[in-house]
2 protein chains.
Amino acid sequence: MRGTVDMNFLFTLGEVQRMVRAYADRQAARYGITRAQWAVLAKVERTEGLKQSELAEQMEMQPITLTRLIDKLCDNGWIERRGDENDRRVNRLYLRKAARPLLGKLAGLRSELTATALDGINPTDAHRLLDQLDLIKENVRNAIQNPAGEPPRKEQRYG
Amino acid sequence: MRGTVDMNFLFTLGEVQRMVRAYADRQAARYGITRAQWAVLAKVERTEGLKQSELAEQMEMQPITLTRLIDKLCDNGWIERRGDENDRRVNRLYLRKAARPLLGKLAGLRSELTATALDGINPTDAHRLLDQLDLIKENVRNAIQNPAGEPPRKEQRYG
DNA sequence: GGGATATAATAAGCTTGCTTATGATTTCTG
DNA sequence: CAGAAATCATAAGCAAGCTTATTATATCCC
């Protein structure tokens, strides 16, 4: 049983995500934004005033990757960096008014894309799928943090 | 119900795949290969003698993306391009002997990575997950082929 | 207070994905 | 057979991920 999963999981995940990304990028391009930039913008919408480093951590990406996405969002006038009053190293991120109409359109697009991708999967299964993806993310995060040879301690969860 | 799936699916998929890719790349680096190159090598192993264009189609990637991965695999002496006798535009791809030991190690690594990622998901669920990923891939492929406004015909499957 | 250390953001340069374009063939058609 | 169209591989240049290194600023500790 496990054998056939071995055969396919790793590469299938890559292919799926590549196709979903290509599709989402193409659709988002209608609004002059990419999927990666969109993810950042959506996060800033939900939690304004974050520092870049906090945002990078929450999005599980490297700060430098984020820096360049933010550059684009600023260039387009959708968000802005404001220096922190107490720590001059820090930039905090805020939405600009120009982003509002875009965010409305993107919310519709997200529903549309999700519905397309998940067509034929009922809501119960869709939820389970999402939960499993989160679990996989957690598993991999642990694996990255506990370097290879060590016993799988799973962050003392069961301790 | 569907609302919460809307909220997360698109970006969660991206995050999961980014983490899995980072992890798989780091592990594969021990053998001097990347995950993307590995996928190509594994495909060539299973079906030697393919042309590049056929391979690109089967792997759902653009020919130019594949060209550069093949460049790397050839540079490392794991595969070789041989000109087709009947069509001088065509290169056909073959394994070289030097790839054999590597392929053995990679098979072990794949099991290990898959087991790590799927830890806590039982085989039945893992199979369902894989099936759902394939379904999503199919859905997106159809969406890309049937440009946006059209009725979703799904390739006459039910016809 | 001042030097060592840590943190925030960015820079440089790589990989792997993409789109669009080009050159070399082959195939189709008239 | 010759010119048009298609196909195969590659090139150029962009996006977005990464690692490693750099600069500016804060913080810690003596």
Side-chain angles (χ1 to χ4, degrees), chain A residues 11 13-29 32-41 50-76 81-93 140 144, chain B residues 11 13-29 32-41 50-57 59-76 80-93 140 144:
Chain A
F11 298 144
L13 180 64
E15 287 179 22
V16 170
Q17 198 274 341
R18 193 164 62 227
M19 294 193 71
V20 171
R21 176 164 54 80
Y23 183 54
D25 273 342
R26 184 173 312 191
Q27 297 300 313
I33 194 171
T34 67
R35 194 204 82 278
Q37 293 166 30
W38 173 10
V40 175
L41 183 60
L50 281 178
K51 333 191 244 192
Q52 294 188 197
S53 52
E54 290 167 342
L55 187 55
E57 191 183 349
Q58 290 185 23
M59 298 191 70
E60 321 247 18
M61 60 170 60
Q62 299 302 307
I64 181 59
T65 302
L66 186 60
T67 292
R68 294 204 278 194
L69 294 173
I70 292 170
D71 286 346
K72 300 283 170 51
L73 293 172
C74 288
D75 288 349
N76 283 305
R81 293 176 166 104
R82 295 189 205 155
D84 184 287
E85 292 183 354
N86 302 318
D87 188 339
R88 279 190 293 170
R89 293 170 306 180
V90 171
N91 292 328
R92 295 189 176 276
L93 301 172
V140 174
I144 289 173
Chain B
F11 298 143
L13 180 63
E15 286 178 22
V16 170
Q17 199 273 340
R18 193 164 60 226
M19 296 192 69
V20 171
R21 176 164 54 79
Y23 183 53
D25 273 341
R26 184 172 313 189
Q27 297 299 314
I33 193 170
T34 68
R35 194 204 81 276
Q37 293 166 30
W38 173 11
V40 174
L41 183 61
L50 281 178
K51 335 190 244 193
Q52 293 188 198
S53 53
E54 290 167 343
L55 188 55
E57 192 183 349
M59 299 192 68
E60 322 246 20
M61 61 170 59
Q62 299 301 306
I64 181 59
T65 301
L66 186 60
T67 293
R68 294 202 280 192
L69 295 173
I70 292 170
D71 286 346
K72 299 284 169 48
L73 293 172
C74 288
D75 289 349
N76 282 305
E80 61 185 353
R81 293 176 165 104
R82 295 188 204 156
D84 184 287
E85 293 183 354
N86 302 319
D87 187 339
R88 279 189 292 170
R89 294 169 306 180
V90 172
N91 292 329
R92 294 188 178 277
L93 301 172
V140 174
I144 289 173

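In what follows, chains carry the letters A, B, and so on, assigned in the order in which the sequence lines appear, proteins first and then strands, with residues in each chain numbered from 1. For the numbers below, each heavy atom of this structure counts, side chains included, while hydrogens, waters and symmetry mates do not.
- Rounded to an integer number of Å, the gap from CD of Gln52(B) to P of dT25(C) is 16 Å.
- Put simply, CG on Leu50(A) is 13 Å from P on dA8(C), counting in whole angstrom units.
- Heavy-atom contacts from other residues, nucleotides or ligands closer than 6.0 Å to CD of Gln58(A) number more than 12.
- A sub-4.0 Å separation between OP1 or OP2 of dT19(D) and a side-chain N or O of Arg26(B) is present.
- Proximity of Lys51(A) to the phosphate of dA9(C): no side-chain N or O atom is located under 4.0 Å from OP1 or OP2.
- Taking atom CZ of residue Arg88(A) and atom C1' of nucleotide dT27(D), one finds them 15 Å apart after rounding to whole Å.
- Among the nucleotides dT16(C), dT10(D), dT20(D), the one closest to any side-chain atom of Thr34(B) is dT16(C).
- Phosphate contact (OP1/OP2 of dA8(C), side-chain N/O of Ser53(A), threshold under 4.0 Å): present.
- Under 4.0 angstrom from either OP1 or OP2 of dT15(C) there lies no side-chain N or O belonging to Arg35(B).
- Between Ile64(A) atom CD1 and dG13(C) atom P there is a gap of 13 Å when expressed in whole angstrom units.
- Comparing Ala36(A) and Asn86(A) by the nucleotide of DNA chain D that holds the closest heavy atom to each, the one mapping nearer the 5' end is Ala36(A).
- Nearest-nucleotide assignment on DNA chain D puts the 5′-proximal partner with Asn91(B), out of Asn91(B) and Ala22(B).
- Between the side chain of Arg89(A) and the base of dT7(C), a donor-acceptor pair under 3.5 Å is found.
- One interatomic measurement links the two molecules: CG of Leu55(A) to P of dT7(C), which rounds to 19 Å at whole-angstrom precision.
- Protein atom CG of Asp87(B) is 10 Å distant from nucleotide atom C1' of dT27(C), rounded to whole Å.
- Looking at Arg18(A) and Gln17(B), their side chains never bring a donor and an acceptor atom within 3.5 Å of each other.
- Within the 4.0 angstrom heavy-atom criterion, base atoms lie near Gln62(B).
- Gln37(B) comes within 4.0 angstrom of the backbone, heavy atoms only, and of no base.
- When side chains are defined from C-beta on, Ile70(A) does not count as touching Thr67(A), because their heavy atoms never get closer than 4.5 Å.
- Evaluation of the side-chain contact (heavy atoms from CB on, under 4.5 Å) rule for Lys51(A) yields Ser53(A), Glu54(A), Val90(A), Arg92(A) as partners, not counting sequence neighbours.
- Among the protein residues, Arg92(B) comes within range of no part of the nucleic acid, since none of its heavy atoms lies under 4.0 Å from any strand.
- Under 4.0 angstrom from either OP1 or OP2 of dA16(D) there lies no side-chain N or O belonging to Arg18(A).
- Contacts of Ala22(B) classified as side-chain contact (heavy atoms from CB on, under 4.5 Å), with partners at least two apart in sequence or in another chain: none.
- For the side chain to side chain contact (heavy atoms under 4.5 Å, CB included) with Leu93(A), the qualifying choice from Leu73(A), Leu41(A), Leu50(A), Leu55(A) is Leu55(A), the only one to do so.
- Arg81(B) has its side chain within reach of Asp71(B): a pair of non-hydrogen atoms, C-beta onward, lies under 4.5 Å apart.
- Glu60(A) meets the salt bridge (Lys or Arg N to Asp or Glu O under 4.0 Å) test with Arg141(A); sequence neighbours excluded.
- Contact check for Ile144(A) versus Arg26(B): side-chain heavy atoms found under the 4.5 Å cut-off.
- Going from atom CG of Asp25(A) over to atom P of dA16(D) covers 7 Å, rounded to whole Å.
- Axis angle, first five pairs versus last five pairs of the helix from dG1(C)-dC30(D) to dG30(C)-dC1(D): 10°, rounded to 10°.
- Every side-chain contact (heavy atoms from CB on, under 4.5 Å) that Arg82(A) has, sequence neighbours left out, goes to Glu80(A), Tyr94(A).
- For the segment residues 65-75 of chain B, the set of residues with a heavy atom within less than 4.0 Å of an atom of DNA chain D comprises Thr67(B), Arg68(B), in numerical order.
- Remark: P of dA15(D) and CE of Met61(A) are 16 Å apart, rounded to the nearest angstrom.
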